[in-house]
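The structure appears right after this line, and notes come after that.
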Amino acid sequence: GEKELELFGKRGFSAYRVRKFEQAVADLEKWVAARSDDLASAEARALSYTALGKTDQALPNLERALALKTRDKEIFFEAGNGRLRAKNYTGAVEAYSQAIANGLQTEIIYNNRGKARLSNRQAAESIEDFTRALQLKADYPEALKNRAAAFFAMENWAAVIKDAAI
């Protein structure tokens, strides 16, 4: 009944908060089955699946949280990662941009958005992202390598040589 569902919800959220992700997913699956429009449970399930490394189960839950208008920057970040892996580059750029707009300003997110942009043939924009990643963390070989690839795509040979020499 309703009280049992309420218990699953409370236990699931509690398990998520103490990082018992298997328990959180199990309880929240029952909770969400009855309340498909519950944003908080969709977010907790998505992040629990992500923490467990179950990306196939995480992505639909991340998308559900996005559809329910999440403001959680981690949801946007993980949705961007899932979309990038699925080669949905436009969707990845959108999700990463939302994470940035909601305050997630890390070298990783700028590097990942740059990779999505480069894969989407937006080399100039990707260079901006890789440069921002390097401003946030000067010693970030992956961003440097990716920026060199973007310069290569733009046929800026001198910039490729400079980035490859560091």
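We number each residue from 1, following the sequence as shown.
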Looking only at non-hydrogen atoms, find the nearest pair between [X] and [Y] and report the distance.
X      : Y      : answer
Asp56  : Pro60  : O-CD, 3.1 Å
Gly114 : Asp129 : N-OD2, 3.5 Å
Ala143 : Ala133 : CB-CB, 4.0 Å
Ala24  : Ser48  : CB-OG, 3.6 Å
Leu118 : Ala153 : CD1-CB, 4.3 Å
Ala58  : Thr50  : CB-OG1, 3.5 Å

Roughly how far, to the nearest 0.5 Å, is [atom2] of [Y] from [atom1] of [X]?
X      : Y      : atom1 : atom2 : value
Glu22  : Leu52  : CD    : CG    : 4.5 Å
Tyr140 : Ile108 : OH    : CD1   : 5.0 Å
Asn112 : Thr106 : CG    : OG1   : 8.0 Å
Leu62  : Leu47  : CG    : CG    : 6.5 Å
Arg64  : Ile75  : CZ    : CD1   : 12.5 Å
Asn146 : Ile127 : CG    : CD1   : 11.5 Å

Do NZ/NE/NH1/NH2 and the carboxylate oxygens of Arg113 and Glu125 come within less than 4.0 Å? no
Taking side chain as C-beta onward, heavy atoms only, is [X] less than 4.5 Å from [Y]?
X     : Y      : answer
Tyr96 : Leu84  : yes
Arg83 : Glu63  : yes
Phe76 : Leu66  : yes
Lys73 : Gln105 : no

Between Asn102 and Gln98 (side chain of the first, backbone of the second, donor and acceptor by atom type, cut-off under 3.5 Å), is there such a pair? yes
May I ask you to decide if Gln122's main-chain N or O and Asn120's side chain share a donor-acceptor pair within less than 3.5 Å?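 No, the answer is negative, given that no donor and acceptor are paired below the 3.5 Å cut-off.
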Tell me whether [Y] is reachable from [X] by hopping between hydrophobic residues (I, L, V, M, F, W, Y) whose side-chain heavy atoms are closer than 4.5 Å.
X      : Y      : result
Leu144 : Phe130 : no
Tyr89  : Phe77  : yes
Ile161 : Phe151 : no

Connected-component partners of Val93 among ILVMFWY, side-chain separation under 4.5 Å: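 Other cluster members: none.
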Below 30° counts as parallel, above 60° as perpendicular, anything between as tilted: where do the rings of Phe152 and Trp157 land?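 Answer is perpendicular, since the angle exceeds 60°.
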